[in-house]
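Just so we're clear, the structure is a prediction, and the values are computed from it rather than from any experiment. Just so it is clear: chains get the letters A, B, ... in the order the sequence lines come, proteins before strands, and each one is counted from 1.
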Protein chains: 2
Amino acid sequence: MDIDKYKSQEGVLVAVDCIIFGFDGQQLQALLIKRGFEPEKGKWSLMGGFVNPDESTDDAAIRVLNQLTGMNNIYMEQLYCFSNVNRDAAGRVISIAYFALINIGDYSDQLQQDHEARWFPMDQIPNLIFDHQEMVAKAKERLQQKVANHPIGFELLPEKFTLPQLQNLYEAIYEQSLDKRNFTRKILALGILNKLNEKEKESSRKGAFYFVFDKNKYNKLQHEGLKFL
Amino acid sequence: MDIDKYKSQEGVLVAVDCIIFGFDGQQLQALLIKRGFEPEKGKWSLMGGFVNPDESTDDAAIRVLNQLTGMNNIYMEQLYCFSNVNRDAAGRVISIAYFALINIGDYSDQLQQDHEARWFPMDQIPNLIFDHQEMVAKAKERLQQKVANHPIGFELLPEKFTLPQLQNLYEAIYEQSLDKRNFTRKILALGILNKLNEKEKESSRKGAFYFVFDKNKYNKLQHEGLKFL
DNA sequence: ATAATAATTGTTATATATACACTTATTAAA
DNA sequence: TTTAATAAGTGTATATATAACAATTATTAT
């Protein structure tokens, strides 16, 4: 058979799609674009693109994310390969979905306009093309799982954040309210936050102290058993 | 742009590879084959194959698994997409890896000979082609995670199994020994096993009672919080 | 000075996880 | 038939983690 086995193959295209999560302080959001080409032109869609022959799917996802956000060094993780034969109306395309976490405050309005992009709260996602709805659903599940054991929630917040903000984030991700006292105790007991001598004063009279995530402290711990919630 | 966007794409082949796990009563094992074609002909490898234009990657993985084992209705789960540009020496191929759990006792020696296949204990995996070593490592990790919350370990055992056998399985997967009393109590407390009035007498004088997994009982529970270990 | 608002803090009860060793059933050998 | 050997089966006490619950404090606007 030799490498004829390779030559006789063809006909499947490979794409990537990105679920981009943000957090506005209250709700978990996803960044969607109006698709700019046929088929399904003008419909809401995840940002995506084909994988070039000279790049890995990771590279492709980073490129695609950068096209939409202008950002680099974003937290991103491969989610799943979607490959139903008829998932893309225009041809045989499999898509490797990725999800990314960005600080919504860093995202520029200009880019948003250039790409006809918009943030949607997770409970108000519009109809999406192809199987993108399924991708979003799976991304949310994965985020819920992952955030329970890994310190990735901070990627969705500004560098300085308050404990109430952090709690709001977890409540948004898990879609349930949490007890303030238990939450605070548990998070601080992890020993991975540094308290700043500075308060956020916008959302209350008393003000809430800022904290920052200390990656060094985290790395020194045994990563296996870290339970965030 | 239209669907020229599609037509201009090409050059990436799509394959699947299967990590097939078995359990011999003592050790977790993986089924490997001697690769029958170039490149890397004659080296140890995972079972794999190209994805046809008319099938999903799931379908391709099921087909590939069936080729090697003759079995159907096997537990299988998509693992990860491996896509480094130079991962396959003969061309630009991305591979969607799957892992499967089979009852080693159901696997026929005949098929094993036909395909030059062999079971290897997980701590004695030989050098594998391409990035298959990485795939095996990732599959093991995923199995460890998954088995902690989902009743998939039973896929690796005969329909009837004893508690010591089940404990051996978990010890093999986690690579650590467990306390007999705590293990038994915890597993039985889940309420998903039925005790048979029959003993396995090969491995001890006293004999150990057989149990079977009761899928109905499991389905009636709240699946979220089920902690096996 | 007072009212209003959200941040901050502690205790108790319950559930879960861990550590630990003797008794029992059975068969092969004496 | 007794005895020895082997692995199965079983209970309790302690430590840790989780869950439930409300009063006090800091600050600013009135």
In whole Å, what is the span from the [atom1] atom of [X] to the [atom2] atom of [N]?
X: B/Ile187; N: C/dT16; atom1: CD1; atom2: C1'; result: 15 Å
X: B/Glu171; N: D/dA7; atom1: CD; atom2: C1'; result: 14 Å
X: B/Gln176; N: C/dA19; atom1: CD; atom2: C1'; result: 15 Å
X: A/Arg181; N: D/dA20; atom1: CZ; atom2: C1'; result: 8 Å
X: B/Gln167; N: D/dG9; atom1: CD; atom2: P; result: 11 Å
X: A/Phe183; N: C/dG10; atom1: CZ; atom2: C1'; result: 18 Å
X: A/Glu200; N: D/dT28; atom1: CD; atom2: P; result: 12 Å
X: A/Leu166; N: C/dT8; atom1: CG; atom2: C1'; result: 16 Å

* To do: Only one of B/Asp17, B/Ile33, B/Leu32 passes side chain to side chain contact (heavy atoms under 4.5 Å, CB included) with B/Met47; say which it is.
  => B/Ile33

* Asked: In terms of the angle between their ring planes, are A/Phe99 and A/Phe21 parallel, tilted or perpendicular, with boundaries placed at 30° and 60°?
  -> perpendicular

* Sidechain-backbone polar pair: A/Gln144 side chain, A/Ile173 backbone, donor-acceptor under 3.5 Å -> yes

* Asked: Would you say the side-chain atoms of A/Asn84 pair up with the backbone N or O of A/Arg87, donor to acceptor, closer than 3.5 Å?
  -> no

* Asked: Which nucleotide, C/dC20, D/dT28, D/dA8, lies nearest any side-chain atom of A/Lys201?
  -> D/dT28

* Structure fact -> Side-chain atoms of B/Asn182 come closest, of D/dA7, C/dC20, C/dA7, to C/dC20

* Asked: Under 4.0 angstrom, heavy atoms only, what part of the nucleic acid is B/Thr162 near: base, sugar-phosphate, or nothing?
  -> nothing

* **Taking every non-hydrogen atom, the tightest pair across B/Asn149 and B/Tyr218** => O-OH, 4.5 Å

* Structure fact -> Looking only at heavy atoms, the pair that brings A/Ile129 and A/Ser45 closest together is CD1-OG, 3.6 Å

Could you go through nucleotides 22-25 of chain C and list every protein N or O atom that sits under 3.5 Å from one of its N or O atoms, giving the distance for each pair?
{"residue": "C/dT24", "atom": "O2", "partner": "B/Lys206", "partner atom": "NZ", "Å": "2.9"}

* Structure fact -> By nearest-heavy-atom nucleotide on DNA chain D, the more 5' of B/Leu188 and A/Asp179 is B/Leu188

* D/dA17 phosphate, OP1 or OP2, under 4.0 Å from A/Lys186 side-chain N/O -> no

* Less than 3.5 Å between a donor and an acceptor, one on the side chain of B/Arg185 and one on the base of D/dG11, is that the case here? -> yes

* N-O pairing of B/Lys140 and B/Glu175 below 4.0 Å -> yes

